[in-house]
K.L.:
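Can you read through this structure? Questions will come right after.
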Amino acid sequence: VLEVATRHLLSGAEATGAAIALLANDTVTLAHANGLHAHLSRHKLSISLHDLPHCYDAAMTGKSSFVTHEATTGKERLWYEQLGLEHALIVPLMIGSQNHKRLKEHEKHEETHCAGFAFINYPSSLHHPPQRHYAFALDIATQCALAIEKDQILEKVRRTANLATERAHTLDAILNAMNEGIIVLDMDGRVIVNNSTVAHFLGLPGNREESLLTIFQRQPAYRLDGR
């Protein structure tokens, strides 16, 4: 998705280069670049968000900004030069409900966050990109943000499923290591969980739910006097 996004930014915004960087734990890491320095495909450049004041402002406000080479200093300028950026349009990739007009301003701030940035590079001869480039870049950035958000949701689901499976295996191992027989019934009296000990005692069939009454009816019954 990010590779396709940089290609569209490069052509649709009439730029000389484009890049997508992801933001996590206040660290900005280059994810994909197109039309910039060739070595960027082999290196994932990272930098603290606080060393990129223009990106920091964009992340806090959710607004795009055009940054000239002269407006950068220190680590920010060095990082942009490593990417090959001259004059860059910076578009934050905002995740959340910032487009819901019914939300109040403080609710917007609480429910949105920046997941990264789109950088669109222009030559030094361009003083300012036209408004249509802003609109096009914002549209691409929105699609990128949606893709990132979807990927984060899927990753959370995968982690939750893996954790549930791990806990289930642990519980199963504990139950089967017990000498006591354990049976768990549902509201209708059907066996839904049992350990190997009780399965051996009662001859429970594997992978088949039966009521406890049916199981007991199959067992020989004796009175206290042995008859």
Side-chain angles (χ1 to χ4, degrees), residues 1-15 17-34 36 44-77 79-80 83 85-122 126-156:
V1 172
L2 301 184
E3 180 180 357
V4 173
T6 56
R7 287 207 307 265
H8 283 296
L9 288 171
L10 191 62
S11 59
E14 301 174 15
I20 300 290
L22 301 181
L23 174 61
N25 300 320
D26 286 335
T27 299
V28 180
T29 303
L30 178 67
H32 195 272
N34 195 331
L36 299 174
K44 300 299 183 183
L45 298 179
S46 298
I47 188 172
S48 170
L49 177 62
H50 297 282
D51 291 328
L52 302 174
H54 291 94
C55 289
Y56 182 86
D57 290 342
M60 294 299 102
T61 63
K63 296 180 180 180
S64 306
S65 64
F66 183 66
V67 181
T68 64
H69 182 267
E70 293 75 15
T72 62
T73 59
K75 292 182 179 179
E76 182 179 42
R77 174 174 290 190
W79 197 71
Y80 287 171
L83 265 65
L85 297 173
E86 295 180 88
H87 292 355
L89 174 59
I90 303 173
V91 185
L93 310 181
M94 303 302 294
I95 290 178
S97 307
Q98 73 274 17
N99 292 325
H100 293 185
K101 295 181 179 179
R102 291 178 297 178
L103 291 176
K104 298 178 182 179
E105 288 302 320
H106 70 279
E107 292 175 333
K108 291 181 184 179
H109 179 71
E110 292 175 354
E111 296 191 16
T112 63
H113 68 277
C114 180
F117 305 92
F119 297 93
I120 301 94
N121 188 54
Y122 292 96
L126 182 70
H127 298 291
H128 204 280
Q131 191 61 39
R132 69 178 186 278
H133 289 181
Y134 274 86
F136 180 80
L138 180 59
D139 183 57
I140 296 297
T142 301
Q143 299 305 315
C144 287
L146 290 173
I148 293 170
E149 184 176 29
K150 180 180 179 180
D151 184 70
Q152 291 177 348
I153 292 172
L154 291 176
E155 181 59 29
K156 288 180 181 178

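All values below were derived from every heavy atom in this structure, side-chain atoms included, with hydrogens, water molecules and symmetry-related copies excluded. FYI, the numbering just counts along the sequence from 1.
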K.L.:
Does the side chain to side chain contact (heavy atoms under 4.5 Å, CB included) test come out yes or no for Leu9 and Ile20, once each step is laid out?
P.N.:
CA-CA 10 Å; Leu9 288 171; Ile20 300 290; 4.3 Å; yes
K.L.:
Verify the ring-centre separation between His69 and Tyr80: is it less than 6.0 angstrom?
P.N.:
no
K.L.:
Output the distance between atom CG (Leu93) and atom CD1 (Ile148), rounded to the nearest 0.5 Å.
P.N.:
5.0 Å
K.L.:
How close do Asp26 and His50 get, counting heavy atoms only, and between which atoms?
P.N.:
OD2-NE2, 4.0 Å
K.L.:
Quick one, Asp51 and Trp79 - any side-chain contact, counting heavy atoms below 4.5 Å?
P.N.:
no
K.L.:
Restricting to non-hydrogen atoms, name the atom on Gln152 and the atom on Ile95 that form the minimum distance, rounded to 0.1 Å.
P.N.:
OE1-CD1, 3.8 Å
K.L.:
So does Phe66 have more than 12 non-hydrogen atoms from other groups sitting under 6.0 Å from CZ?
P.N.:
yes
K.L.:
Drop me the distance from Gln143's CD to Leu138's CG, to the nearest 0.5 angstrom.
P.N.:
10.0 Å
K.L.:
Decide yes or no for Val91 and Phe117: does some side-chain heavy atom of the first lie under 4.5 Å from some side-chain heavy atom of the second?
P.N.:
no
K.L.:
Can you give me the closest heavy-atom contact between Ala5 and Cys144, atom names plus distance?
P.N.:
CB-SG, 3.3 Å
K.L.:
So how far is it from Tyr134 OH to Lys63 NZ, rounded to the nearest 0.5 Å?
P.N.:
12.5 Å
K.L.:
Please name the residue in the list His54, Glu86, His87 that meets the side-chain contact (heavy atoms from CB on, under 4.5 Å) test with Val67.
P.N.:
His54
K.L.:
Please tell me if the side chains of Met60 and Tyr56 come closer than 4.5 Å, counting only heavy atoms from C-beta onward.
P.N.:
yes
K.L.:
Shortest non-hydrogen contact from Glu76 to Cys55?
P.N.:
OE2-N, 4.5 Å
K.L.:
In Å, rounded to the nearest 0.5 Å, how long is the span from CG of Leu10 to CG of Asn121?
P.N.:
9.5 Å
